[in-house]
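The structure under discussion appears below in the form of structure tokens.
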Amino acid sequence: NAGVTQTPKFRVLKTGQSMTLLCAQDMNHEYMYWYRQDPGMGLRLIHYSVGEGTTAKGEVPDGYNVSRLKKQNFLLGLESAAPSQTSVYFCASSWGDRYTEAFFGQGTRLTVV
Amino acid sequence: KQEVTQIPAALSVPEGENLVLNCSFTDSAIYNLQWFRQDPGKGLTSLLLIQSSQREQTSGRLNASLDKSSGRSTLYIAASQPGDSATYLCAVSLFYNNNDMRFGAGTRLTVKP
């Protein structure tokens, strides 16, 4: 069972470049989330989705956009990358709200130079 | 604003020792609290989830307690093993937002053989 898969695992971007991170889950979960993790800080919620075609802002949404065109995929986009977006990004999914039985991906380490 | 704090940031113990990890949160209006394990380069794995109405949960050598009124939770690990070495994160699900969970920065545990 694949669970939650993030693509890519590593990426280096130059300031101003754009990219999309892909999160795919094969558990038919309705809820999906994007977090970022910075040194010395807890994970912070960027955006989330409660079902196909829906998205909502989390705690730190600025500079990011998301889309959930298919139930199994949740995309995180950076339109114009900034060094402050250097972080490890985690995707998660759950079958219900309140992170009931949540599963996390392995993370994407992004460096913006 | 909900803030979650974990102390200490790092802990090193000899194998076989019983240990306690601490988590505190500033707002008692939580729906549940989870303890996660994070291994280097990997995603998070949920260890225990405690509903706000519960006092503790147990799984094998792990026992988590919750005192919502004082804003504290502890994770007790019995008879620690080198395989327990990882970063342990606690997170609280906000009562007023079904889809936001606030994380602590984690405690990095090393169990020495």
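Per-residue counts of heavy-atom pairs under 4.5 Å with chain A were compared for G41(B), G43(B), C90(B); the largest is that of G43(B).
Minimum heavy-atom separation, G40(A) to A105(B): O-CB, 3.5 Å.
With a 4.5 angstrom heavy-atom cutoff, L44(B) touches chain A via backbone and side-chain atoms both. Contacts of V88(A) with chain B are absent, with no heavy-atom separation under 4.5 Å from either backbone or side chain.
No chain of hydrophobic side-chain contacts below 4.5 Å, direct or via other Ile, Leu, Val, Met, Phe, Trp or Tyr residues, connects L76(A) to V4(A). I50(B) is connected to I77(B) through a chain of hydrophobic side-chain contacts under 4.5 Å among Ile, Leu, Val, Met, Phe, Trp and Tyr, so both are in one cluster. Both L21(B) and L47(B) are assigned to one and the same hydrophobic cluster, defined by single-linkage of ILVMFWY side chains at heavy-atom distances under 4.5 Å. Placement of L49(B) and F104(A) in two distinct hydrophobic clusters is found when ILVMFWY residues are connected by side-chain heavy-atom separations under 4.5 Å, directly or transitively.
With sequence neighbours left out, the side-chain hydrogen bond (donor to acceptor under 3.5 Å, both in side chains) criterion links N28(A) to K71(A). Qualifying side chain to side chain contact (heavy atoms under 4.5 Å, CB included) partners for Q17(A), counting only residues two or more places apart in sequence or in other chains: L13(A), K14(A).
Counting heavy-atom neighbours within 6.0 Å of E52(A) CD, excluding the residue itself, gives a total above 12.
L22(A) belongs to a hydrophobic cluster with L75(A), counting contacts under 4.5 Å between side-chain heavy atoms of Ile, Leu, Val, Met, Phe, Trp and Tyr, direct or through other members.
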Are there donor-acceptor pairs under 3.5 Å across chain A and chain B? List atom names and distances.
{"residue": "Y35(A)", "atom": "OH", "partner": "M101(B)", "partner atom": "O", "Å": "3.4"}
{"residue": "Q37(A)", "atom": "OE1", "partner": "Q38(B)", "partner atom": "NE2", "Å": "3.0"}
{"residue": "Q37(A)", "atom": "NE2", "partner": "Q38(B)", "partner atom": "OE1", "Å": "3.1"}
{"residue": "D97(A)", "atom": "OD2", "partner": "N98(B)", "partner atom": "ND2", "Å": "3.0"}
{"residue": "R98(A)", "atom": "N", "partner": "N98(B)", "partner atom": "O", "Å": "3.1"}
{"residue": "R98(A)", "atom": "O", "partner": "N32(B)", "partner atom": "ND2", "Å": "3.4"}
{"residue": "R98(A)", "atom": "NH1", "partner": "L94(B)", "partner atom": "O", "Å": "2.4"}
{"residue": "R98(A)", "atom": "NH2", "partner": "F95(B)", "partner atom": "O", "Å": "3.2"}
{"residue": "R98(A)", "atom": "NH2", "partner": "N98(B)", "partner atom": "OD1", "Å": "2.9"}
{"residue": "Y99(A)", "atom": "O", "partner": "Q34(B)", "partner atom": "NE2", "Å": "3.3"}
{"residue": "Y99(A)", "atom": "OH", "partner": "N99(B)", "partner atom": "O", "Å": "2.9"}

